[in-house]
Asks: 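Take a look at this one; I'll ask things after.
Keep in mind that the numbers below use all heavy atoms, side chains included, and drop hydrogens, waters and symmetry copies.
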Amino acid sequence: MSNFSIFMLYIFVYRIIIILGCDYMFLKQSKSHNRIYLSFVQGYRDEYGKIKHRTIKKIGYLDELEKQFDNPIEHFKNIAQEKNNNEIIEYTIKNLNTKTIDENVSSKNLGYIVLKKIYKELQIDNFLSNEQKKLKIKYDLNKIFELLIFSRILFPASKNETFNNKDVFFEKFDFSLKDLYRSLDYFNGFKDNILKLIWDNTKDKYNRDTSISYYDTTNYYFEISYNDEDLIDENGTILEKGYRKKGPSKEHRKTPIISMGLLMDKIGIPLSYDLFPGNESEKLQMRPALNSTKAKYGIERTIIVADRGQNTSDNLVFIAGKNDDDHTNHDGYVYGQSIIGADKEFKTWAISQDGFINDYVYDEDGNLVTYKERIEDENGKLLRYEEKPVIFKHKSRVYAKKVKIKKDNKRKVNFTIYQKQMIYYSKQYADRQKHERENAVKKAKDLIENPGKYTQAASYGCTKYINNIRFDEETGEIPKGLELSLKLDKIKEEEKFDGYYSIVTSEKNLSDKEIRDIYKGLWKIEESFKITKSNLETRPVYVWTKEHIEAHFLTCFISLVIIRLLEYKTNRKYSTRKMIDSLKKFNSINIEHDIYLQNFYNDIINDFEKIFDISLSRKYLTLSEIKKNLNF
């Protein structure tokens, strides 16, 4: 060790002793017979206040210790440091009652440390750092992306508000608001590479299974009143479609929307997504999304599962082709099927009692599944609830279905496909349909009697049971003088199909139960949309350029992936809301020198500590320990 290093070490020890008023141990290296000897030395003040040192433990010669340890110096330095840290913390705790914490020191969120662990696991930080080297920019793309992701999960807000709240995190994010907005253009360009990166870094680690894929669509609204214009050339050809267009909103809003198609793997982790204008049909989006995802990720065959909104002749033929015994080199599908909207032959077969099988339903542990049936008197008054076994009433057939598919934008090509069609009946489903229809009919009757009370928005859910109903395009009100009446035939027709549900599939060898269980997995993708709209507050969308809109949804998608990976790691033990709330509450405040107080702990934090092997349970942490956890 050089004289200068020894001098600096003495200065460091002296400062610690002055600060703490207690002894401080360090590793000393001294020469003896041309060999280096290690020992633990302690600094202290004598009775006159003069700094002195004493050897408290002799360790041994370095060359001999190297036979026992890979790096003896580093090993024993760590031992000394750990002892000192413990003494510092012990000293600080003992003196907390005599010191006042500075009221100007705000707490900093440390819960994002868990999110950062997964973020780094996905290697997004390395990707952005490498891409930045190719660009002539001074701001840190990765730091901006981290802020957008962590804030979207823990403190969702607009880009402007996210920037203003960046100091809520323990780390410093040093860039301007302009830098943040400029970076969105780059993030948009990185979308495909980042999605592929996530797939590459999760497919094996998380045992991702694409033998079955789930697809669904939703839309998100903007707080504007006008549509985006399409970019058109001098010949009237559309060069680029505007995204924000008025269309059939899932939330029944009249403002412009943008639509998203989401593809998810069997275990519930999102695979990819695509955006399309809000006025375009969702039925046309699944095919290109499936094609591009399979090509990018090297997926050979998948069974695509979707609700009946995607069940079109063109989609069925595109996915599975003819699907007879001679044509098996294709993907598969499991789709919901509307019974009321089907042809006469299918509807007759569906509700005919011939061929139905009644099976008891058992849970994963082999226990009989039951439900409580409401027992009423003749006036509808509740008498009691009776526990009844859940019965899976079902039947199926393999059927040669004749369809027409489009060619040259006209539906004129006849085609025969082979599919398994399954019908099942549920008493609980029948009761729910009956209850919902009775409420809608009650509302329809009131509208017919009092049309002035209702607007188009207020009458949602009941208009399908009313003849001659229409609304003023500007005001949304019901014009006066309309002859309104109930659609009694429609109500009677619907009653016949209460409780019946149909699923169709290309997989002719699947059992009815397997078909139903696969289709039930759609709840995972529906829940994913719910998470984006509630927990992540993806809408309303405040950015307006196409590039910035794309970048916004990229950060929302990655946030969703991180949440789903957290659920996977915890064996889905906790809800999304509970995990996020726990991470939001896990804050740290500086109480003395480099000692920080962690003010929250629960079972969720305890599990995260074990899963990620980071120190979260200790009430007091040093700055160096926090930095080690954050890996910066």
Asks: Whether the K159 and H552 side chains hold a donor-acceptor pair (N or O, under 3.5 Å, no angle test) is what I'd like checked.
Replies: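 Yes, H552 and K159 have a side-chain donor paired with an acceptor closer than 3.5 Å.
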Asks: Check whether the side chains of S213 and T302 place a donor and an acceptor atom closer than 3.5 Å, and report yes or no.
Replies: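 Indeed, the side chains of S213 and T302 share at least one donor-acceptor pair under 3.5 Å.
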Asks: Does OH belonging to Y429 count more than 12 external heavy atoms closer than 6.0 Å?
Replies: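 Yes, because the 6.0 Å sphere around OH of Y429 holds more than 12 heavy atoms from other groups.
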Asks: Will you find, in the side chains of N315 and R287, an N or O donor that is under 3.5 Å from an N or O acceptor?
Replies: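 Yes, because at least one side-chain N or O of N315 sits under 3.5 Å from a partner of the opposite role on R287.
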Asks: Check for me whether K372 meets the cation-pi criterion with Y385, that is, NZ or CZ under 6.0 Å from the six-membered ring centre and within 45 degrees of the ring axis.
Replies: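 Verdict for Y385: no cation-pi partner in K372.
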Asks: For D325, I'd like to know if atom CG has over 12 heavy atoms of other residues, nucleotides or ligands within 6.0 Å.
Replies: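 No, CG of D325 has 12 or fewer neighbouring heavy atoms, counting only those of other groups under 6.0 Å.
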Asks: Please report the interatomic distance NZ(K533) to OG1(T218), rounded to the nearest 0.5 Å.
Replies: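 Reported value, rounded in 0.5 Å steps: 2.5 Å.
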Asks: Between S211 and I303, is there a side-chain heavy-atom distance shorter than 4.5 Å?
Replies: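 Answer no - side chains too far apart.
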Asks: When you look at CG of D489, are more than 12 heavy atoms from neighbouring residues, nucleotides or ligands closer to it than 6.0 Å?
Replies: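 It does not: D489 CG has 12 such atoms or fewer within range.
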Asks: I'd like to know whether CD of E537 has more than 12 heavy-atom contacts from other residues, nucleotides or ligands below 6.0 angstrom.
Replies: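 Result for CD/E537: enclosed.
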Asks: With a distance cut-off below 6.0 Å to the six-membered ring centre and an angular limit of 45° from the axis, does K395 pair with W349 as a cation-pi contact?
Replies: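 Flagged: K395 positioned over aromatic ring of W349.
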Asks: Could you verify whether a donor N or O on one side chain and an acceptor N or O on the other, from Y454 and D446, lie under 3.5 Å apart?
Replies: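 Yes.
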Asks: Are Q310 and Y333 linked by a side-chain donor-acceptor pair shorter than 3.5 Å?
Replies: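 Their side chains do not contain a donor-acceptor pair, so the 3.5 Å distance test is not met.
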Asks: Taking the side chain as every heavy atom from C-beta outward, state whether V369 and Y362 have any pair of such atoms under 4.5 Å apart.
Replies: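 When only atoms from C-beta onward are counted, Y362 and V369 do not touch, as no gap falls below 4.5 Å.
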Asks: Would you say the side-chain atoms of R308 and Q337 include a donor-acceptor pair closer than 3.5 Å?
Replies: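 Side-chain D/A pair, R308 to Q337: absent.
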Asks: Could you grab the distance from atom CG of N188 to atom CG of L554, nearest 0.5 Å is fine?
Replies: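 Those atoms lie 8.5 Å apart.
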Asks: From K427 NZ over to R432 CZ, what is the distance, rounded to the nearest 0.5 angstrom?
Replies: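 The distance works out to 12.5 Å.
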Asks: Does the side chain of E477 pick up a donor-acceptor pair with the side chain of T455 at under 3.5 Å?
Replies: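 Side-chain D/A pair, E477 to T455: absent.
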Asks: Hey, is the main chain of L271 close enough, under 3.5 Å, to the side chain of Y297 for a donor-acceptor pair?
Replies: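 Pair found, side chain donor or acceptor close to backbone of L271.
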Asks: At their closest point, which heavy atom of V361 faces which heavy atom of I391, and how far apart are they?
Replies: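 In this case the closest contact between V361 and I391 is CG2-C, 4.4 Å.
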